[in-house]
Amino acid sequence: MQAYIGIFVLCVVSGAIACAINVVCNKNKLHISDIIKTFAFYVIVFYTVLSLFKALLGYGLVNLAASFNDVSWKTYLHYSLPLIVISVVMPLLLKKLLGEKVSDFINLTLSINIGIYAVVYLIFGKNNNLLTVCIEAVSVVMALIIVFCYKKEVQYCTGQNVKSRLAIAVPVVLFWTIMMVLFLPNELYISNANEMIIPYRIFNRTLILGAMAYFVIYTVVLVYFLSERQFALVCELIFAITAAGYLQRTILNGKINVMDGSRQTWSALTVVVNAVIWLAIISVLIALKYIIKRNVDKVYSMICIYLSVIQLVTLGYMVFTTKMPDSDAELMLTTDKRFELNPDHNVIVFILDWYDVQIMDKILEDDADFLEPLNDFTWYKNVTSSYAFTMMSIPYLLSDVEWPYEMNEKEYRDYAFQGEALIKDIAAKNYDVGIYTNKSLVSESVADIVTNYSDLKTHGWDYYGMFNQMVKCSKYDTYPFALKNEFWYTSGQISSGFHDTSVHSIANDQPFYEELIGDGIQVRNIDKYDGTFRFYHLLGAHPPYETDMLSQGKWCISIIYEFIEQLKAEGLYDEAAIIITADHGQNYIAPGYEDQLLELGLDYTSSPILFVKNSYQTNEDGMNISMAPVSHAQLAATIMQAVCGDSLGYGETIKDIEEDRQCKREFIMWRSSDVPYIKYEIDGYVGDWNNWSVVTENE
């Protein structure tokens, strides 16, 4: 926020000085409209000057606010000196060079700049310093050419044409705003209402306010600032792009994969054909305006209004026919007591999402000593998860209740925690139970026993971030295949990315790490509880990657290393039982993901990492490695044995499985939205694809 305020002050003050000098130089020749445009021109000029400075300093590919993020207020004072000098010199210089044409140059440069930026921002929704400089440079060059070469008078908004401009601009802007800001984000929310953390009333209010802002700003910009020809062209472009986007999502998209972190790919032919269709749609719609001329604007306006009404009616129907979650009970899985541990008994489970054994093997090829901090652990390298996806794995790991085939993910989650469940048995042993994962993975029926399930009545939402994210989702849905991945997002960003750090999120491990190194582990619960159970679900090795798969894989393990060092410093390490695993291994064996599998250099097999340190376990010769054929089916018994020394009827623990045991393990690949049901049977070492066979498919 400091960056935005500082930049705003610099540009506005410098722009006001330059505008005042310009008015003095053109005394009695400027109307109030000219003064407003002159002020806007200079504000943009100084914004561009700051962008140029930052681009030359190596910040060309980030926006101006981001390049000022780490500076102090003194830095703004340093920048103010050259800006004030420029604000005095520039209007005098323009008057000297252009004479009576200064006003024409300012109006043209401003209108061209705003016209280009209006289209660019509407398409991409973002800016950077280099782009700002380029747009301004193009605007200046084009304005100079028109000023000196174009003999006719350039027409702008007047009292006579403002109504006709509004009649054209309002339907076009309304069409874009309703589809991109209101309808599609609401459709996404309503379709996933039970997985959304943010209450619908807050979500919808944010979209409505954002839509109003978009509508007003774009309408004013188009009507007031653009010349006659620019106005016509920009309105045509916005209509054509929006109409093409409408056709893309309703007809041309085909099957769109679930946004689980992997980028969808299309064949080169598909991308080219889709791009040609887009160019044809846009070209035809614009050409018709200049070929037919008469009444085309009215026809386009009617199309905009008709499609806008259709979407609003559809939206109203969805809202009134969908049962929304209770918006007053804002129960969240917060960060409360995240690093509070018991002085005597602690059972700690780390879930590193999507972390496959193959990833760890690749890391060790480059760094053979990477796992040295886990020398007291046993590494089980022949492990299967029960399920291929997080929405089923996490409820299973916390409940030990198997999924009934006929249930969808939400039904299974609620069913898993209804009756007897693992975490209920842990709590019954007077353990403080903390579950740090996404709310959508844990039923509210266990809120009374989960210490960090809290009612956040005064929760702080990231409204600006939420609005931008939802518009980004709309663009992914409506844009051509060639541009879709520019607006790619993940379901994790949607379900948990609209809050501050008081709510645990698996979409980003950075807040977890910052709290760990900041506040650190605290030893508490001395009298109230006999022990502490902590279940930490982190992003792990799951796509998307900030850099690459292996770097992210090393980074999330390094967080655990820091946790272990703090355990040792607090004297808690020896007693603690620690399990490090993944909810599942890589799951690109699902249909349609083969390209991602090959790109990452992974085999078809899926095997989650599993490192276990029992209480007071030490290994004098370094880490133990076991090839015992274990699975997540033994984790519940292993955890209960760590809690109370008795598996309590949960069956065999991981340690009970002998390395030479001959057994068959099951792995279920299924997701209700897009992945057909396939049950695999693994007979032998999990890392050999020849040992995998399909036993049930498409039940």
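Residues take their numbers from the sequence shown, with the count starting at 1. Atoms considered below: every heavy atom in the structure, side chains included; atoms not considered: hydrogens, waters and symmetry mates.
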Please check: side-chain N/O of [X] versus main-chain N/O of [Y], any donor-acceptor pairing under 3.5 Å?
| X | Y | value |
| --- | --- | --- |
| Tyr300 | Leu285 | yes |
| Tyr479 | Gly245 | no |
| Asn129 | Leu64 | yes |
| Asp34 | His31 | yes |
| Asn128 | Leu131 | yes |

Check this for me: [X], atom [atom1], are more than 12 non-hydrogen atoms of other residues, nucleotides or ligands nearer than 6.0 Å?
| X | atom1 | answer |
| --- | --- | --- |
| Met318 | CE | yes |
| Tyr290 | OH | yes |
| Tyr59 | OH | no |

What pair of heavy atoms forms the shortest contact from [X] to [Y], and how long is it?
| X | Y | result |
| --- | --- | --- |
| Val43 | Val12 | CG2-CA, 4.3 Å |
| Val102 | Leu94 | CG2-O, 3.3 Å |
| Ser67 | Val62 | CB-CG2, 4.0 Å |
| Ile21 | Ser87 | CD1-O, 3.7 Å |
| Ala18 | Phe46 | CB-CE1, 4.0 Å |

Spatial distance of atom [atom1] ([X]) from atom [atom2] ([Y]) [nearest 0.5 Å]:
| X | Y | atom1 | atom2 | answer |
| --- | --- | --- | --- | --- |
| Phe225 | Ile36 | CZ | CD1 | 7.5 Å |
| Ile7 | Tyr47 | CD1 | OH | 6.0 Å |
| Asn22 | Met90 | CG | CE | 9.5 Å |
| Lys255 | Asp674 | NZ | CG | 5.5 Å |
| Ile506 | Ser440 | CD1 | OG | 7.5 Å |
| Ser474 | Phe487 | OG | CZ | 11.0 Å |

> Are Arg249 and Glu187 close enough for a salt bridge, meaning some N to O gap below 4.0 Å?
Replying inline: yes

> Between Arg165 and Glu228, is the closest basic N to carboxylate O distance under 4.0 Å?
Replying inline: yes

>> For a side-chain contact (heavy atoms from CB on, under 4.5 Å) check, start with the C-alpha distance between Tyr476 and Ile256, then their side-chain angles and the critical distance, and finish with the verdict.
In response: CA-CA 10 Å; Tyr476 184 89; Ile256 298 294; 3.9 Å; yes

Which atom pairs, one a donor and one an acceptor, fall under 3.5 Å between side chains of residues 203-216 and the rest of the protein, sequence neighbours left out?
residue	atom	partner	partner atom	Å
Asn204	OD1	Asn186	ND2	3.2
Thr206	OG1	Ile202	O	2.8

Do we see a donor-acceptor contact under 3.5 Å between the side chains of [X] and [Y]?
| X | Y | result |
| --- | --- | --- |
| Asn161 | Gln155 | no |
| Thr132 | Asn127 | yes |
| Ser227 | Gln230 | yes |
| Asn253 | Lys484 | yes |

>> Just to verify, which of Val313, Leu182, Ile178 counts as forming a side-chain contact (heavy atoms from CB on, under 4.5 Å) with Ser308?
In response: Ile178

Heavy-atom side-chain contact between [X] and [Y] under 4.5 Å:
| X | Y | result |
| --- | --- | --- |
| Gln248 | Trp278 | yes |
| Ser14 | Tyr42 | no |
| Tyr246 | Gln311 | yes |
| Ile305 | Leu174 | no |
| Cys235 | Phe239 | no |
| Trp266 | Asn485 | yes |
| Cys25 | Leu92 | yes |
| Asn107 | Val154 | no |

> For Leu307 and Phe175, what are the C-alpha separation, side-chain angles and deciding distance, and is it a side-chain contact (heavy atoms from CB on, under 4.5 Å)?
Replying inline: CA-CA 7 Å; Leu307 293 177; Phe175 181 26; 3.6 Å; yes

> What's the verdict on ring-ring contact (aromatic ring centres under 6.0 Å, His included) for Tyr79 and Phe68, showing C-alpha distance, side-chain angles and the deciding distance?
Replying inline: CA-CA 11 Å; Tyr79 276 98; Phe68 271 92; 5.1 Å; yes

>> If you apply the rule side-chain contact (heavy atoms from CB on, under 4.5 Å), what do you find for Phe148 with Leu98, and how did you get there?
In response: CA-CA 10 Å; Phe148 288 105; Leu98 300 177; 3.6 Å; yes

> When you measure from the centre of the six-membered ring of Tyr224, is the NZ or CZ of Lys37 under 6.0 Å away and within 45° of the axis?
Replying inline: yes

>> What verdict does the side-chain contact (heavy atoms from CB on, under 4.5 Å) test give for Glu236 and Asp297, after you've listed the backbone C-alpha separation in whole Å, the side-chain angles of each residue and the deciding distance to 0.1 Å?
In response: CA-CA 9 Å; Glu236 286 295 313; Asp297 286 333; 3.6 Å; yes

